[in-house]
Amino acid sequence: MAGDEDGKGGRGGGPISRRQLLRGGVALGAAATLGGLAGCARGDADGDPATRTAGDDGTMQRQPFRGPHQAGIVTSTQAAAVVAAFDVLGRDRERLRELLRRLTGRIAFLAEGGPVPRLDPRLPPAGSGLLGPQVFPDNLTVTVGVGASLFDARFGLAALKPRQLVEMPAFPNDALDAARCDGDLLLQICSNTAETNLHALRDIVRHLSGFVSLRWTQDGFLPPHTVQKLGRDSIINLMGFKDGTANPDAADAGLMARLVWVQPEQGEPAWATGGSYQVVRIIRNFVEFWDRTPLREQERIMGRHKDTGAPLGMRREHDVPDYAADPDGALTPLDAHIRLANPRTPGTRQILRRAFNYSNGMTRAGQLDMGLLFVCYQSDLAQGFVAAQTRLDGEPLEEYVKPVGGGYWFALPGVRDADGHLGEGLFAG
Ligand code: HEM
């Protein structure tokens, strides 16, 4: 399904608001051009945020659904996220394929936008109505990953499992809650607003009724004013530090091919080319304790200045630390988070982080329950996340954080053809 595509508008026409769209004078196809222009946030992968004007509420920002890779990986981080893990019901391979077809159709529609069909009022309405009669894209991406459990005996897919895909093990500082871990499928839903994410989630849950059961969800958010700002400003996490500074440049296609996208020569099953290993970690932050920790201590734990985000002893956020000139850690402690996470030695492989903050209210013990919804992508799980996490095991930051959930998934390659569907390579032959 796709939205209306026959209207006017575009670059010369100025920003297209949702109101204009609802008046029917402007087409979604034309607005797609604007969506590209109005792409927002860091990395500038989607367009020039400077063109977003006061009248543009961002509802018509659109991320293309089709392509060699799924959207929502190198896409500039949106302000709102929800990750939702599902288990697939039954053991029927054809039914799994039908599930993936339906899911593809819904994501394609939600990312494009369009009118909600009007049905006989004696029937349930066609949609939840959360976005009104005209679904608008709102910069939505829905990224689908498959877990190791999908390759068990149920669907006869064992031989096609990505080589490094396993159930996420517990690392030494973890206190994993099984109710918030793993799942056959993971949807990473991101857009400009929580409402658009909830609309997408409800739409998908409704259309996959009888095919999947929901296992767990976690909402996330980023400061919208930073996400929408021009430039390379990083968002601030709930420990008050700029986060994302040293991320590899997601707009650099060559770099992403090396770090993020599975390549044909990697020895992975052929269908996995263009996909990516996806790691999700729900990491609680003990913020009361952190807020009572001296600033100097906080900065030495992270390895960066809290206000500027600059490496210790430097002035600007994107200054590059010189660890070779500081072999004993006089400036940046040897166990500082950024130094362990990326010692900047030959052979250290970068990962693409795409984290969100989260807040789940409070615990029964009366503490704030908030933290980091850590998400990262890489073409090699062992050399990427696992190597970084292993270096971080025992870091001083552990006193202030506790991973409680998450898992490993394999983000499927993108859908290139109009009649293709997510995961179709799993059914070839
Ligand atoms: C609550 C947990 C965490 C917090 C609060 C946190 C915070 C930060 C901060 C403030 C930075 C510096 C700014 C930046 O370059 O983005 C950073 C960098 C980084 N973090 Fe984390 N992080 C957490 C967990 C993790 C985990 C689980 C991993 C991976 C296993 C990780 C990997 C990295 C990497 C690779 C860098 C970039 C280092 C560099 O290239 O200089 N972080 N983190």
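All ligand and atom numbering here is 1-based and tracks the order in the structure. As the structure is a computational prediction, the values presented were derived from the model and not from experiment.
Of all protein heavy atoms, the one closest to atom 1 (C) of ligand 1 is Asn285 ND2, 3.3 Å. Nearest protein neighbour of atom 27 (C) of ligand 1, counting heavy atoms only, is Gln389 OE1, 3.4 Å. Taking atom 30 (C) of ligand 1 as the reference point, the nearest protein heavy-atom neighbour is Phe385 CE1, 3.4 Å. Counting only heavy atoms of the protein, atom 4 (C) of ligand 1 lies nearest to Leu372 CD2, 3.9 Å.
In Asn237, the part holding a heavy atom less than 4.0 Å from any atom of ligand 1 is the side chain. Heavy atoms from both the backbone and the side chain of Thr245 come within less than 4.0 Å of ligand 1.
Salt bridge absent: Asp184 and Arg215 never bring a charged side-chain N and a carboxylate O closer than 4.0 Å. Here Arg102 pairs with Glu98 in a salt bridge; the nearest charged N to carboxylate O distance falls below 4.0 Å. Between Asp174 and Arg281 a salt bridge is recorded (basic side-chain N to carboxylate O distance below 4.0 Å). Between Arg296 and Glu299 there is no salt bridge, since no side-chain nitrogen of the basic residue lies less than 4.0 Å from a carboxylate oxygen of the acidic one. Comment: Arg316 engages Asp319 in a salt bridge, judged by a side-chain N to carboxylate O separation of less than 4.0 angstrom. A salt bridge links Arg339 to Asp326: at least one charged side-chain nitrogen sits closer than 4.0 Å to a carboxylate oxygen.
For ligand 1, the polar-atom distance check finds an N/O of Ala246 within less than 3.5 Å of one of the ligand's N/O atoms.
For atom 40 (O) of ligand 1, the nearest non-hydrogen atom from the set Val401, Asn342, Leu397, Leu238 comes from Asn342.
The number of protein N/O/S atoms found under 2.8 Å from atom 21 (Fe) of ligand 1 is 1.
Using cut-offs of 30° and 60° for the angle between ring planes, the Trp271 and Phe410 rings count as perpendicular. Using a 30° and 60° split on the angle between ring planes, Tyr400 and Trp290 fall in the perpendicular class, above 60°.
With a 6.0 Å cutoff to the six-membered ring centre and a 45° limit on the axis angle, Arg95 counts as a cation-pi contact of Phe211.
Of all heavy-atom pairs spanning Val280 and Met168, the tightest one is O-SD, 4.2 Å.
Distances shorter than 4.0 angstrom occur between a heavy atom of Gly244 and an atom of ligand 1. Taking a 4.0 Å cut-off on heavy atoms, Arg344 registers as neighbouring ligand 1.
For ligand 1, the atoms sitting less than 4.0 Å from at least one non-hydrogen atom of Phe241 are 10 (C), numbered in the order shown with element in parentheses. For ligand 1, the atoms lying closer than 4.0 Å to a non-hydrogen atom of Met239 are 5 (C). Near Lys242, the atoms of ligand 1 lying under 4.0 angstrom from a non-hydrogen atom of the residue are 10 (C), 12 (C), 13 (C).
Surrounding CD of Gln263 are more than 12 heavy atoms belonging to other residues, nucleotides or ligands, all under 6.0 Å away.
Considering Leu208, Leu89, Val205 in turn, Leu89 is the only one that fulfils the side-chain contact (heavy atoms from CB on, under 4.5 Å) rule with Ser213.
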